[in-house]
Novice: 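Quick one: the structure is below, questions incoming.
Letters A, B, ... are given to chains in the order of the sequence lines, protein chains preceding strands, and every chain is numbered from 1. Here the structure is a predicted model, which is why all the values come from computation and not from measurement. Computed from heavy atoms alone, side chains included, the values below leave out hydrogens, waters and symmetry copies.
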There are 2 protein chains.
Amino acid sequence: MPSVTQHNAKVGRPRSEQARDAVLHAADDLLEEVGYAALTVKGIAERAGVGRQTVYRWWSTKAEILFEACVTDAEEELSVPREPDPAADLASYLTALVTFLARSPAGAAYRALLAAAQHDRAVKELIATRDVLADSARTVLARNGLPTSDEAAARVIGTPFFWVMSGRDPDGLHPGELARDLMRDLAPPN
Amino acid sequence: MPSVTQHNAKVGRPRSEQARDAVLHAADDLLEEVGYAALTVKGIAERAGVGRQTVYRWWSTKAEILFEACVTDAEEELSVPREPDPAADLASYLTALVTFLARSPAGAAYRALLAAAQHDRAVKELIATRDVLADSARTVLARNGLPTSDEAAARVIGTPFFWVMSGRDPDGLHPGELARDLMRDLAPPN
DNA sequence: AGCGTTTCGATACACGGTGCCTCGTAATGG
DNA sequence: CCATTACGAGGCACCGTGTATCGAAACGCT
């Protein structure tokens, strides 16, 4: 038989890495230019100089494209160099978190995805596969001897997250005070 | 001249309250049935038994319709009866907040709106006109002698907000512990 | 080299929602 | 009864969706 699309095939023309990168970068650029709502698969394909079917072959939604386009950047921007003092380390992470969410293109993409997840189960499951925010928080908690539970991570992320998502000025938050309180609240035994 | 649509007109046929309610309820119902993504102005109009132009005359986006449809419910659900003990009062509010965000239809609408606000300035300004979440938190803070600053409200809302928005189990959060820590962190002078 | 397989870019298609416009009609005030 | 405005209904061009199909290109195998 003449075959159907068979993604893990060992024979035939291999997937073009060039096309893949072009799509990912086009999605990134267009998100900044036109915003998530006006982001279309058609637009991405045209900008990338790629057939529309080539996009649909590898991704089923624009959310999937965006997720693949921003996860790596997100993980990098949220992994901050360690500070000797635990409270300072936490404060530095909180600053990085706010900056990421409020100012980074990858952060904008992540907010758009988390937004879409609120009314799209597929997106919700997609972003659940790599819990970028909580994982980065857990890393910082762990290296400062604090509990790494889901609740602890949520305590760390919660305030900056709501701050940015509700459209408040990212410079208006005081990470130092927040870090100080979090240290006390989360200090073991618990 | 034969005139144009003139919303604050003193003459002519008055706006139909019946049509307004029908649209608002149709939006509410459809949000539950099909979700925000599949929610269309066309669908709302048909469900409401209303001309499509009648919808466009009073609202410019589906977000505006949804906002008007859920704000009142939201404010009601977030105004909890006062408890004698401050920590218990705060804990009771936190429970109501999680329930609202995670389980209430109005909460679902609010999450959808906040989601849309991440990539739509008009929606961001719209929901900023009535900061339902922060206002309800401020009320609880005030009646327990705690500071009512934006940051204090964000501290209260942050953790439950992130918890629900990131898709975690609403029953997995412990409002009592959170309330206890918040009381200590926010206690005056500050 | 030749063949089968799979992806490539390109294009066409039916479908459905958008936002605007126009129709004839209904409900106000002067 | 007339001017004015909103009403429900339906039509319109436009655009994005997701699928199908085309010939060409790029691989492994013999």
Side-chain angles (χ1 to χ4, degrees), chain A residues 1-27 30-31 33-66 68 112 116 119-120 122-123, chain B residues 1-27 30-31 33-66 68 112 116 119-120 122-123:
Chain A
M1 44 186 128
S3 87
V4 187
T5 298
Q6 188 73 30
H7 282 186
N8 291 337
K10 315 177 177 194
V11 297
R13 181 176 180 170
R15 176 178 186 179
S16 162
E17 277 302 314
Q18 184 185 326
R20 178 178 176 273
D21 288 349
V23 169
L24 259 23
H25 284 119
L30 282 176
L31 181 71
E33 287 174 27
V34 304
Y36 185 84
L39 191 66
T40 64
V41 174
K42 186 182 188 183
I44 294 172
E46 282 168 3
R47 166 67 84 101
V50 148
R52 204 137 52 93
Q53 188 62 12
T54 300
V55 178
Y56 281 114
R57 178 155 30 231
W58 301 107
W59 299 276
S60 51
T61 65
K62 61 178 177 176
E64 276 185 28
I65 306 174
L66 222 47
E68 196 167 329
H119 45 73
D120 190 330
V123 181
Chain B
M1 46 186 129
S3 87
V4 187
T5 299
Q6 187 72 30
H7 281 187
N8 291 336
K10 316 178 177 192
V11 298
R13 180 176 180 171
R15 175 176 187 182
S16 162
E17 277 301 314
Q18 184 184 328
R20 179 177 175 273
D21 288 350
V23 169
L24 259 23
H25 284 120
L30 282 175
L31 181 71
E33 287 174 28
V34 305
Y36 185 83
L39 192 65
T40 64
V41 173
K42 185 182 188 183
I44 294 172
E46 283 169 2
R47 166 67 84 100
V50 148
R52 204 136 51 92
Q53 189 62 18
T54 299
V55 179
Y56 282 114
R57 178 154 34 228
W58 302 107
W59 299 276
S60 51
T61 65
K62 62 178 177 178
E64 276 186 27
I65 306 173
L66 224 46
E68 196 167 329
H119 46 74
D120 190 329
V123 180

Novice: If we check side chain to side chain contact (heavy atoms under 4.5 Å, CB included) with A:Val23, which of these qualifies: A:Thr54, A:Val41, A:Ile65?
Specialist: A:Ile65
Novice: Give one of base, sugar-phosphate or nothing for A:Gly43, where a contact means two heavy atoms less than 4.0 Å apart.
Specialist: nothing
Novice: Nearest-Å distance, CD (A:Glu64) to P (D:dG18)?
Specialist: 11 Å
Novice: Rounded to whole angstroms, how far apart are NZ on B:Lys42 and C1' on D:dG10?
Specialist: 11 Å
Novice: Near A:Glu33 CD, under 6.0 Å, is it more than 12 heavy atoms from other residues, nucleotides or ligands?
Specialist: yes
Novice: Return the NZ to CG distance between A:Lys62 and A:Leu31, rounded to the nearest 0.5 Å.
Specialist: 9.0 Å
Novice: Are A:Glu64 and A:Thr61 close enough that some pair of their side-chain heavy atoms sits under 4.5 Å apart?
Specialist: yes
Novice: Could you check how far CD of B:Glu46 sits from P of D:dG11, rounded to whole Å?
Specialist: 13 Å
Novice: Considering only side-chain heavy atoms of B:Ser16, which listed nucleotide, D:dC7, C:dG9, C:dG17, is closest?
Specialist: D:dC7
Novice: Taking CZ from B:Arg20 and P from D:dG8, how many angstroms apart are they, rounded to a whole number?
Specialist: 14 Å
Novice: Let me know the distance between NZ of A:Lys62 and P of D:dC15, rounded to the nearest Å.
Specialist: 17 Å
Novice: Could you check how far CH2 of A:Trp59 sits from C1' of D:dT17, rounded to whole Å?
Specialist: 18 Å
Novice: For nucleotides 19-30 of chain C, read 5' to 3', which letter fits each nucleotide if B means a protein heavy atom sits under 4.0 Å from the base, S means only the sugar-phosphate is that close, and - means neither?
Specialist: BBB----BBB--
Novice: Is any side-chain heavy atom of A:Arg20 closer than 4.5 Å to one of A:Trp58?
Specialist: no
Novice: Would you say that A:Leu66 contacts A:Leu39 through its side chain, given a criterion of any heavy-atom pair below 4.5 Å between the two side chains?
Specialist: yes
Novice: Rounded to whole angstrom units, what separation is found between the CG atom of B:Leu39 and the C1' atom of C:dG17?
Specialist: 12 Å
Novice: Just how far, in rounded Å, is C1' of D:dG18 from CZ of A:Arg57?
Specialist: 14 Å
